Undergrad: 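This structure is in structure tokens; I'll ask about it shortly.
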Amino acid sequence: MSDDLQLLRTETEAALAAAADLRALDAVRVAVLGKSGSLSGLLKGLGQVPAEQRKERGAALNRLKAEIEALLEVRRSALEEAELDARLKAERVDVTLPPRPFAPGTAADGGIHPISRTIEELTAIFGAMGFRVVEGPDIESDWHNFGALNIPDHHPARQDHDTFYMPGTDPNGHRRVLRTQTSPLQIRTMLAEPPPIRIIAPGRTYRADHDATHSPMFHQVEGLVIDRGITLGHLKGCLVDFLRAFFGIADLPVRFRASYFPFTEPSMEVDIGWNRRTGELGGGGDWLEILGSGMVHPKVLANCGLDPREWQGFAFGMGIERITMLKHGMPDLRPFYECDLRWLKHYAADPLAPASLHEGV
Ligand code: DAH
């Protein structure tokens, strides 16, 4: 290789090594191989080279061109890789950082509605006891809502519930109603799956009733356990554990009081201890009714095709707004549905603090 080509090669190599980024690299390419680049100039000057040297010189120039192109490529991929590395390093997300709380006043400044929060808590507590969540339709047949639950046609309970009847009937000729309770989920679950069964069913319920403590739409949660050898002892243990975990009071007094529901036998209402004067839960010597429960009535089991001699169970149901109001000391039911931002901001739960079992089961 002649001296001038050797020099060009050395200079180009140095320039390539010095190119710190892709832009600098491209400048080197233009300076050497571009239209008026140094190597292009030499190629153009071939015509002036004496004829006997031209062939050899031409071949040498082309070899050098190919070499420089290869060197350019090597340097380009090295620089590209370095640039990608640098970008990945700069854009790295530290997944171990705690999330930032949402800035107040921004669109993301949200919270969990207290009803949703209570449902999350119910799910966490009963989930830890092996219960599953099931859901059913808000528009029920009166057979699921009443008949199968041993509430016959002219039973006063149908009036007590101030039922909203819908026009028309379902395909089986049953009247359609807005469910007055979540208890139809007992029927639907027993018809849909064989025991053992352990479910809770939170959801909306409807009754024609409206005042400070009643709303035409409200929420209940139903519970159902079906297995062999289930006794009142299981019911009591389960509900005492639940109430103490939900209210976060380890020694919350709980009382079981004989009562009547058409779908349980025996039936019990469950009271918790509180102070009527201060509204404080726990001590105080007064009792507050909180939920209905009982051993599933043999007729209800039979209505669902289960032999009451083989299968027993217990059921319970309670108002979600009611236990939420008691837990948080809320005096009035109506703000739950009024979308008043001041109330929502005050009572909403932090979406970044999921319901946990910190109070234990
Ligand atoms: N469904 C009843 C109501 O709305 C509550 C209830 C009582 C549910 C006793 C039950 C139960 O499962 O066993 O008043």
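Remember, it's a predicted structure, so these values are computed and weren't measured experimentally. Every number for a ligand or one of its atoms is a count from 1 in the order of the listing. We count residues from 1, following the sequence as given.
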Undergrad: Between G294, G319, G317, which one has a non-hydrogen atom sitting closest to atom 6 (C) of ligand 1?
TA: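 Result: the heavy atom closest to atom 6 (C) of ligand 1 is in G317.
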Undergrad: With respect to atom 3 (C) of ligand 1, which of R207, M268, E269, E222 exhibits the smallest heavy-atom separation?
TA: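 Residue with the shortest heavy-atom distance to the ligand atom: R207.
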Undergrad: Identify, by atom number and element, the atoms of ligand 1 in contact range of F261, meaning under 4.0 Å from any of its heavy atoms.
TA: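 Matching atoms, with element in brackets: 7 (C), 9 (C).
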Undergrad: Taking only heavy atoms of F316 into account, list the atoms of ligand 1 that are under 4.0 Å away from them.
TA: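 Ligand 1 atoms under the 4.0 Å threshold to F316: 8 (C), 10 (C), 11 (C), 12 (O), 13 (O).
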Undergrad: At less than 4.0 angstrom from any non-hydrogen atom of Q186, what atoms of ligand 1 do you find?
TA: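 Matching atoms, with element in brackets: 12 (O).
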Undergrad: Look at ligand 1 and say whether M318 reaches it with a heavy atom at a distance under 4.0 Å.
TA: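 No, that is not the case, since the closest heavy atom of the residue is not under 4.0 Å from the ligand.
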Undergrad: Near G292, which atoms of ligand 1 are under 4.0 Å from a heavy atom of that residue?
TA: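 So the atoms of ligand 1 that pass are 7 (C), 9 (C), 11 (C).
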Undergrad: Measure S183 to ligand 1 on non-hydrogen atoms and call it side chain, backbone, both or neither using the 4.0 Å cut-off.
TA: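 Side chain only.
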Undergrad: Considering only residues two or more places apart or on different chains, which pairs with a residue in residues 211-236 satisfy ring-ring contact (aromatic ring centres under 6.0 Å, His included)?
TA: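 Found none.
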Undergrad: Does either side chain, that of S116 or that of H113, offer a donor lying less than 3.5 Å from an acceptor on the other one?
TA: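 Their side chains do not contain a donor-acceptor pair, so the 3.5 Å distance test is not met.
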Undergrad: Within the 4.0 Å heavy-atom shell around Q220, which atoms of ligand 1 are there?
TA: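 Result: 3 (C), 4 (O).
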Undergrad: At a 4.0 Å threshold, what atoms of ligand 1 neighbour a non-hydrogen atom of A315?
TA: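 Taking each heavy atom of A315 in turn, ligand 1 has 12 (O), 13 (O) under 4.0 Å.
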Undergrad: Does anything in residues 290-331 form a ring-ring contact (aromatic ring centres under 6.0 Å, His included)? List the pairs, not counting sequence neighbours.
TA: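 Qualifying pairs, neighbours excluded: F126-F316.
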Undergrad: Can we say E13 and R9 salt-bridge, meaning some charged N sits less than 4.0 Å from an Asp/Glu carboxylate O?
TA: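 Yes, this pair counts.
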Undergrad: Measure the acute angle between the ring planes of F263 and F261, then classify it against the limits of 30° and 60° as parallel, tilted or perpendicular.
TA: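 Aromatic pair F263/F261 classed parallel.
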Undergrad: Answer yes when R255 and D271 have at least one side-chain N-carboxylate O distance shorter than 4.0 Å, and no when they do not.
TA: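 Between D271 and R255 there is a salt bridge, with a charged N closer than 4.0 Å to a carboxylate O.
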Undergrad: Out of curiosity, is F314 lining ligand 1, as in a heavy atom under 4.0 Å away?
TA: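 Not so, F314 does not reach ligand 1.
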Undergrad: Could you tell me whether D3 atom CG has more than 12 heavy atoms of other residues or ligands within 6.0 Å of it?
TA: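 Incorrect, the count does not exceed 12.
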Undergrad: Before giving the answer on salt bridge (Lys or Arg N to Asp or Glu O under 4.0 Å), spell out for R23 and D26 the whole-Å C-alpha distance, their side-chain angles and the decisive distance to 0.1 Å.
TA: CA-CA 5 Å; R23 273 182 65 177; D26 205 51; over 6 Å; no
Undergrad: Below 4.0 angstrom from a heavy atom of T264, which ligand 1 atoms are there? Numbered from 1 as shown, please.
TA: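 Listed by number with element, the hits are 13 (O).
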